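Treat the numbers as computed from the prediction; the structure is a model and nothing was measured. Counting starts at 1 for both ligands and their atoms, in listed order.
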Amino acid sequence: MAFLSDTLSRVKPSATMAVSQKASELKREGRDVIGLGSGEPDFDTPDNVKDAAIRAIRDGHTKYTTVDGMPELKEAVADKFARENNLAYETSQITVGSGGKQVLYNALMATLNEGDEVVIPAPYWVSYPDMVLLAGGTPVPVEAGPTTGFKLSAEALDAAITPRTKWVILNSPSNPSGAAYSHDELKALTDVVVRHEHVWVMTDDMYEHLVYDDFAFHTVAEVEPALKDRTLTVNGVSKAYAMTGWRIGYAGGPAALVKAMAKVQSQSTSNPSSISQWAAVEALNGTQAHIDRNNAVFKDRRDLVVSMLNQANGLKCPTPEGAFYVYPSCEGLMGRRAPTGAVMEDDEGFVTALLESEGVAVVQGSAFGLGPHFRISYATATDALEEACRRIQRFCGAVS
Ligand code: PLP
C-alpha cells in the first residue's frame with residue numbers, strides 16, 4: 001500500500017504469526033492443540049507484587065511519573081545492579097520503559113543512523129533485526145550454531161565487525177536456544193570489543209534468573225569493567241517475576257545514552273504505568289523466594305523435554321543452560337515424508353506437518369535466523385508438555 005512508509009516495508013511481519021494463527025484456527029475447529037510457542041512463564045505474579053500494585057492504586061499513585069521511571073524504581077534498579085551484578089550505576093544512568101522491548105527499541109532509535117550496522121548472533125530473538133530496521137540501521141546476523149553451543153565465538157565476532165558497526169547485541173540466557181555464556185566465554189567476546197573502540201554492547205539479560213545446574217550468570221560490564229562506558233545492560237521483570245503483562249523493563253548505561261533514550265520515550269509513550277512501576281519496586285526489593293521455587297519446576301521440565309526429544313527419531317536436542325526454551329535440530333528429518341504426506345523441505349515444513357498431524361504448535365528455527373531447528377517453550381504445564389513430547393515422538397516415528 002503506497003500510503004505506508006518505506007521503513008515499514010523493510011520490516012517483515014512476525015514469522016511466528018503463521019504458526020500461532022494456524023494453531024488458533026485448528027483450536028476453533030475443535031482440534032486438541034498443545035501450544036508450545038508462548039514466551040512467558042505460566043506461573044502467576046507473586047502475591048507480594050500484586051499487593052504492592054493494589055496499594056499503589058489505593059494510595060493514589062495513579063498520575064504521570066517521570067518519563068523514564070520514578071526515582072523509587074530507579075533506586076531499586078540501581079540497588080539490584082549493585083547487589084546481583086556488582087555494577088555501580090547512578091540513578092542518572094538508569095532508564096525504565098514499558099518492557100525490555102521498549103528499552104531496546106529506545107536505544108536503537110536513539111543511536112542508529114542509516115547504514116549503521118548491528119551485529120546479532122543467530123539464532124536471535126525475533127525482534128532484534130526488525131527493530132534495527134525500524135530504526136534505520138542494518139542488522140548483521142552472525143551464525144552461532146550448535147557446534148559452538150549456540151554461542152558466538154570471538155573469531156566470528158571479530159570477523160563481523162566493520163567500521164560501520166555500532167552495536168553488538170548479546171542475549172544470555174538466549175531466546176530461542178536457552179544457551180548462556182560462562183564468565184570466560186563472555187570475556188573472550190569482550191576482549192574483541194575492547195579492541196574495537198567504536199563498538200558498543202547491548203546486553204539483553206532478560207533471562208538472568210532462569211539458569212539451572214548451578215550455572216553462574218555473568219553480564220558484560222561486570223566481566224569487563226573497561227566496557228561499562230560502552231555497554232547498555234538491559235533487563236526487566238517480565239520473565240523472572242512472571243510479570244509479562246505489567247510491562248516494565250529497565251537498563252543501566254552511560255548517562256548521555258540514557259538521556260537520549262528518555263527523549264525518544266518522552267515523545268512516544270511517556271512513563272510506563274505508575275501502578276506497574278510500584279509493583280516492580282516490590283518485585284526488585286521484596287522477597288526473591290519464588291525464583292528458586294519456579295526454577296526447580298523449570299529445570300525438571302527442561303530435563304523431561306530434552307530427554308524425550310532425544311528419544312524421538314531424527315531429532316537432536318542439546319541441554320541448554322537457561323531460559324525456558326529448547327532448540328532441537330530436525331535436520332535428520334529434512335527431505336523425508338511426514339505422516340500428512342508432505343515432504344519436509346525445511347523446518348517450516350516440519351512445524352506445519354507436526355501441527356497438522358499431532359496438534360503440537362512449536363516455532364520454526366528460520367524465524368530466529370537459524371535452521372533446521374525448532375523452538376519449544378517449556379513454560380507450560382508439565383502434563384501438557386509430556387503429552388506434547390509423546391506426540392512429537394509419535395510424529396517423528398511415523399516419518400517415512
Ligand atoms: N528480550 C528477550 C530475549 C525476550 O525474549 C523478550 C520477551 O520475549 C524481551 C526481551 C522483551 O521482554 P518484555 O516483556 O520486558 O518487553
Side-chain angles (χ1 to χ4, degrees), residues 14-17 20 35-43 45 49 68-69 73 77 80 95-109 118 120-132 134 139 141 144 150-152 167-181 201-211 217 219-220 232-252 261 265 268-269 272-273 276-277 279-280 283-284 298 320-327 363 365 367-370 375-380:
S14 165
T16 53
M17 294 271 283
S20 322
L36 303 180
S38 164
E40 60 183 346
D42 52 321
F43 304 117
T45 302
V49 174
D68 71 338
L73 181 50
V77 170
K80 175 261 180 274
T95 182
V96 180
S98 297
K101 200 170 203 171
Q102 183 177 30
V103 172
L104 293 161
Y105 186 70
N106 286 344
L108 294 169
M109 287 300 283
V118 179
I120 304 173
Y124 44 70
W125 181 44
V126 284
S127 294
Y128 299 139
D130 290 304
M131 279 190 190
V132 169
L134 274 174
F150 297 111
K151 295 172 199 174
L152 183 63
W167 289 102
V168 176
I169 300 184
L170 294 179
N171 171 218
S172 168
S174 148
N175 177 3
S177 72
Y181 292 85
V201 184
M202 197 175 290
T203 173
D204 179 345
D205 299 347
M206 200 58 71
Y207 295 90
E208 165 179 9
H209 288 294
L210 288 94
V211 289
F217 172 86
T219 189
V220 169
L232 185 70
T233 307
V234 182
N235 210 318
V237 295
S238 291
K239 314 286 176 175
Y241 301 92
M243 291 176 68
T244 45
W246 298 75
R247 312 308 304 131
I248 296 290
Y250 55 82
M261 290 165 64
Q265 193 160 302
S268 48
T269 61
S273 153
S276 295
Q277 289 191 63
L284 295 175
F298 277 142
E321 292 90 348
F324 39 66
Y325 308 106
V326 293
Y327 201 62
V363 185
F368 309 100
L370 191 93
R375 187 192 77 174
I376 285 183
S377 161
Y378 54 83
T380 198

Among protein heavy atoms, which sits nearest to atom 6 (C) of ligand 1, and what does the distance come to when rounded to 0.1 Å?
W125 CZ2, 3.5 Å
Would you say R247 and ligand 1 have an N/O pair spaced under 3.5 Å apart?
yes
Taking it one step at a time, do V96 and I248 satisfy side-chain contact (heavy atoms from CB on, under 4.5 Å)?
CA-CA 7 Å; V96 180; I248 296 290; 4.0 Å; yes
Are any of the N/O atoms in N171 less than 3.5 Å from those in ligand 1?
no
Answer yes or no: does an N/O atom from K101 fall short of 3.5 Å to an N/O atom of ligand 1?
yes
Under 4.0 Å between heavy atoms, the region of W246 that gets near ligand 1 turns out to be neither
Using distance alone, decide if ligand 1 has a nitrogen or oxygen within less than 3.5 Å of any nitrogen or oxygen in S238.
yes
Report, in ascending order of atom number, the atoms of ligand 1 lying under 4.0 Å from any heavy atom of G99.
15 (O), 16 (O)
Does V118 form a side-chain contact (heavy atoms from CB on, under 4.5 Å) with M202? I'd like the steps, not just the answer.
CA-CA 10 Å; V118 179; M202 197 175 290; over 6 Å; no
With distance as the sole test, does K151 use its side chain to make a donor-acceptor pair with the main-chain N or O of A180 at under 3.5 Å?
yes
Polar-atom distance check: N175 versus ligand 1, any N or O pair below 3.5 Å?
yes
Of all the non-hydrogen atoms in the protein, which one sits nearest to atom 8 (O) of ligand 1, and at what distance?
K239 NZ, 2.7 Å
F368 vs Y327 aromatic rings, parallel, tilted or perpendicular, using cut-offs 30° and 60°?
perpendicular
Checking F324 against Y207 for the ring-ring contact (aromatic ring centres under 6.0 Å, His included) test, could you report, in this order, the C-alpha distance in whole Å, the side-chain angles of both residues, the deciding distance, and whether it holds?
CA-CA 9 Å; F324 39 66; Y207 295 90; 5.5 Å; yes
Nearest neighbour in protein (non-hydrogen) for atom 1 (N) of ligand 1:
D204 OD2, 2.5 Å
Proximity flag G236 to ligand 1, non-hydrogen atoms under 4.0 Å
no
Is S174 reaching over with its side chain to a backbone N or O of A179, donor-acceptor style, under 3.5 angstrom?
no
Using non-hydrogen atoms of the residue, decide whether Y128 is closer than 4.0 angstrom to ligand 1.
yes
Is there a donor-acceptor contact under 3.5 Å from the side chain of S377 to the main chain of L36?
no
What residue and atom, counting heavy atoms only, is the protein's closest point to atom 12 (O) of ligand 1, and at what distance?
M206 CE, 3.9 Å
Students should be able to answer this: which protein heavy-atom is nearest to atom 15 (O) of ligand 1, and at what distance?
G100 N, 2.7 Å
side-chain contact (heavy atoms from CB on, under 4.5 Å), that's the test. Do N235 and Y250 meet it? Break it down for me.
CA-CA 5 Å; N235 210 318; Y250 55 82; 3.5 Å; yes
Within 6.0 Å of NZ in K101, more than 12 heavy atoms from elsewhere
no
